[in-house]
2 protein chains.
Amino acid sequence: MKVDACGNKAPHEVVIVGGGFGGLYAAKALGKANVKVTLIDKRNFHLFQPLLYQVATGSLSPADISSPLRSVLSKSKNTKVLLGEVKDIDPTAQKVMVGTEAIPYDTLIVATGAKHSYFGKDDWEEFAPGLKTVEDAIEMRRRIFMAFEAAEKETDPVQRQAWLTFVIVGGGPTGVELAGAIAELATKTLKEDFRNIDTAETKVLLLEGLDRVLPPFAPELSQEAEASLKGLGVDVQTKTLVTNIENDIVTIKQGDEVKELASKTVLWAAGVKASPMGKVLMEKTGAECDRAGRVMVEPDLSIKGHPNIFVVGDLAHFAHQNGKPLPGVAPVAMQEGEYVAKLVQKRLVGETLPQFNYSDRGSLAMIGQHAAVVDLGFIKLRGFFAWLFWLFIHIYFLIEFDNKLVVMVQWLWNYFTRNRGARLITGDLGLEAVPAESNGHYPQVNTRQPLNV
Amino acid sequence: MKVDACGNKAPHEVVIVGGGFGGLYAAKALGKANVKVTLIDKRNFHLFQPLLYQVATGSLSPADISSPLRSVLSKSKNTKVLLGEVKDIDPTAQKVMVGTEAIPYDTLIVATGAKHSYFGKDDWEEFAPGLKTVEDAIEMRRRIFMAFEAAEKETDPVQRQAWLTFVIVGGGPTGVELAGAIAELATKTLKEDFRNIDTAETKVLLLEGLDRVLPPFAPELSQEAEASLKGLGVDVQTKTLVTNIENDIVTIKQGDEVKELASKTVLWAAGVKASPMGKVLMEKTGAECDRAGRVMVEPDLSIKGHPNIFVVGDLAHFAHQNGKPLPGVAPVAMQEGEYVAKLVQKRLVGETLPQFNYSDRGSLAMIGQHAAVVDLGFIKLRGFFAWLFWLFIHIYFLIEFDNKLVVMVQWLWNYFTRNRGARLITGDLGLEAVPAESNGHYPQVNTRQPLNV
C-alpha cells in the first residue's frame, strides 16, 4: 500500500494509453471511481472510426466525428488528459515513458489499437493509402476528388479511364462502405459537375481475397451486400489476391489467372497490423504476440505474469470465448474497456470478476446512402429497416451531442439532395504533378504529409 | 465577330480567374447569359472567408464554410470549372496560361484577391501566421490548441506564461474577432479541461497601429468593441507598432517607448498584399498598381487600355466613388462581380452601363460569442440586436443551404453549451518539438506544411 507524504494511503493510479474506444470507455467507466486516472494519447481527440470513410468520401468533416478528449472527460475530476506518445514502459518500476517524462502507474491499460496491413509489402502504402487517422481520410479524399479533376483535364482516353478507375482492396465493412460511397459519388453526386467527362464512366472495383464480401457476416447478407454494390455499378471480384501495386497498375491473381488493372487511385482496406506498443509489451513483459503483432491476453484481459497490465481493443488477441480471436471492432473495444474498469474497482475492495465475456450484438454495413445489411444473429435486416438501424446505431454511439446533431443534419441534407457537403480538396494539391498531358500521376507521397508544391 | 467552323457566330468566351466572392458572383450572374464561362481556381471550393476565424478557433469545420465550385455552378450549363493556377496572360492573343495550356478569352475577369502583408518583413510569417486559406486556419488552430497543451506540460512558470500569452497583430474585424474568440476559449470553453494550468491566466493582447480598433467603423462602435474585448479580458493596445518578431519575443513601439512581449503564439491579421496576378497584369498590360500591389481600375472596373480585361474584388483598387479606394471586403467584391457580369451582357447587345457605384450597406464585427457591433450608416446596433443581425447576415450569405443549416446548428450548440465543437489538432503535431523542459518552442514551419515529425 503506497502512502503519500502525510502518511495517507496514496490513491491508486490508473494510466490508460490510447483514447480510442477501448481507452476512452475505460476512462469514462472510472470517472467516479476511487482512483486517479491519466489518459495519454498522441491526439487531442477521440475519433469515431466507423464513420471515417464518410470523411474520405466528402460526406462529413473530421470534427463531426471527433470529440476532444479533455472535453469528454472534463467532468471526471479524478482524470487528467496528457497529450503525448508512449514509446516505452518499465514494468518493474511501473512507469510509462512519455518523451523523457516517466509516468508512474499502479494499473496500466494499453489501448493503442491496430491499423491495416500490407502483408509485408509496406512499399505499397504510398500507392494505396489506408484509412486509420483523420489525415489518412483527408489524403484519401484528396486523391478521390483530384482523380475526377485530373480526368476532366486529361486528353488521352487511356489515361482518362485510369483516372476514372478506383480499386479498393479488402471486402470487409470499410472496403464495402468505401466502394459504395465512391460509386455513388460518380453516378449521382458529381453527375452534373463536369463538362469534359461523364462521371458515369467511372469504374469502381472491390477486391476481396476470400469467397465473399463481409466474410464475418451471415452468407445471405454477404450476397445482399454484393447485389447492392453491383446495383451501384461496383465490380466485385472475390477470391482475388493483390500481388503488386506499382506505377498505376494493380496486378491481381485469381486462381491461376493473373491480370493487370490500370488505376491511378488504389485504396487499401485490408489486413491487420498492431500498433508499436505491441512489440514494446512483448519485449518488456515477455508477452506473446500473434502474427499481426496483437498481444495475447489472459481471460481477464491482463498480460500473463503481469496482472496489473491490461490490453484492450484492437491491440488485444482474446480467444478465450470460443477459440477464435475477437474481431477488431468498436463494440469489442468498448466492452473490454468497461470490463477492465470494473475489474480494477473490484480489486480495490478485495474482490474480482469472472472472465471477460463479449456480448456480440451484431454487425452492420452501409452500401451507398440507401442500402445496408444488419446481422443481429437472431434476426437479419435488409433494405430500409437495416438502413434506419445503421443510422440510429451510429448516431447513438457518437460521443458528444453536437456531433450527433451535426451528423444528423448532414445526413438528412445529403440524403434529400443526393449531395455531399464536405468535398474539399485541402492541403497542397500538387497541381503541377497532374499535368494536362498524358502520363500524369500522383507524386509518391507519404500520406501524412501533403504534397510539396 | 468570331465564327466557328460552320460559319456560326462563335459564343463570347468569358474567363474568370478566381472563385472567391468577386469571381463566383460574376459567374453566377452570367449563368443564363448568352456566353460561355470558364471559371479557373487553384482550389475546388469557394471559401466563405468572413468565418475563417471560427475554423481557426475551433468553432466550425472547413467544410461548413466551403462550397465546391462545381456544385454551386452545376446548373449553369454554359459554365465550366477548371482546377488550375493562372500564372501568365497574353493580352494580345487574348489567352491565359494554366500550366502549359492556353485558355482563350473574349472577356477576362481577374478576381484573385489579396492577403495580409508583413510590411516587407516576410520572414515574420513563420512566427506569426496569417489567416487567408483553409490550411492557414488549420495551422492557426493547431498552434492555439497546442499552446494550451504545451502549457499543461510546462514546469517553468516563465515559459508557461509565454505559452499562455497570445498576441494578435491588427485591430481590424479579423483581429478583433480572433482576439475575442481566443479570450473566450481560455476563460469559458477550456476552463474545465486542464488540471495543471488555470486557463483563466491566459493573456490575450490585440495590437493596433492606429488610435482605435475597427478604424473603418464609427468611433462610438470602436469604443464599444474595445469595451467588449476588455470585458472578455483582452488587453487592447492601440497606437502600437510591431518592430520585430523573433524567438518568442514580440518587440513593440508605442510612441517613443519600446517594449518586449514574451509570447509563443503570435497571429497576424494586418496589412494588405495583392495576389501575384497583380504583378502579371502590370507587366503584361501596363496597368498601374498601388503600394499593396492592387491594380488601379477604370470607373467600369476594366484596365486602362484593355476594355475587355476587368479586375474585381480585393485585387482591384477602385477610387472613383469618393477618392478613397474601396475596402477589401466581401460585399464590395460581390457587387463588383455582379456589375461586370451585367456590363458584359449589356455590351453584347451594343449597350453599356454607368460607372460602378458601390452601395455600402454597412460593416459588422463579432466580439466573442455574445457581443457584436453593426454600423449601417443611418443606424448603429450594439448588444443583442447587433449580435442577432451579425448571425443572420452571415448565415444569409453562406452559399449552399447545407452550410447554412450546419453552421446554424453548430452555433446554436456552441452558444447554449459555451462549447466549441471543432477543436481538433490535426496534421503532424511536432510532439517532440514541445518537450516538457523549458525553452520548448514551435519548430520553424511553413504554414502550408504540417510539421515533419
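The sequence lines fix the lettering, A, B, ..., with proteins before strands; numbering per chain opens at 1.
Here the closest non-hydrogen pair linking A/V81 and B/E152 is O-OE2, 4.4 Å. Minimum interatomic distance between B/S74 and A/E192 (heavy atoms only, all atoms of both residues): CB-O, 3.6 Å.
Distance check, rounded to the nearest 0.5 Å: CG of A/D64 to CD of B/Q410 gives 7.0 Å. Atom CZ of A/R142 sits about 11.5 Å away from atom CG of B/N44, to the nearest 0.5 Å. Atom CG in B/D193 sits 9.5 Å away from atom NZ in A/K75 (nearest 0.5 Å).
With sequence neighbours excluded, the residues that form a ring-ring contact (aromatic ring centres under 6.0 Å, His included) with A/F48 are A/F21. In terms of the ring-ring contact (aromatic ring centres under 6.0 Å, His included) criterion, residue partners of A/F148 (sequence neighbours excluded) are, by chain and number, A/F166.
Side chain of B/R195 to backbone of A/T79: a donor-acceptor contact under 3.5 angstrom is found.
Taking the side chain as every heavy atom from C-beta outward, B/M146 and A/L83 approach each other to under 4.5 Å.
Of the two parts of B/K77, the backbone and the side chain both hold a non-hydrogen atom closer than 4.5 Å to a non-hydrogen atom of chain A. With a threshold of 4.5 angstrom between heavy atoms, A/S76 approaches chain B through N, CA, C or O but not through any side-chain atom. There is no contact between B/L69 and chain A, counting heavy-atom distances below 4.5 Å.
Around NZ of B/K80, the count of heavy atoms belonging to other residues, nucleotides or ligands within 6.0 Å does not exceed 12.
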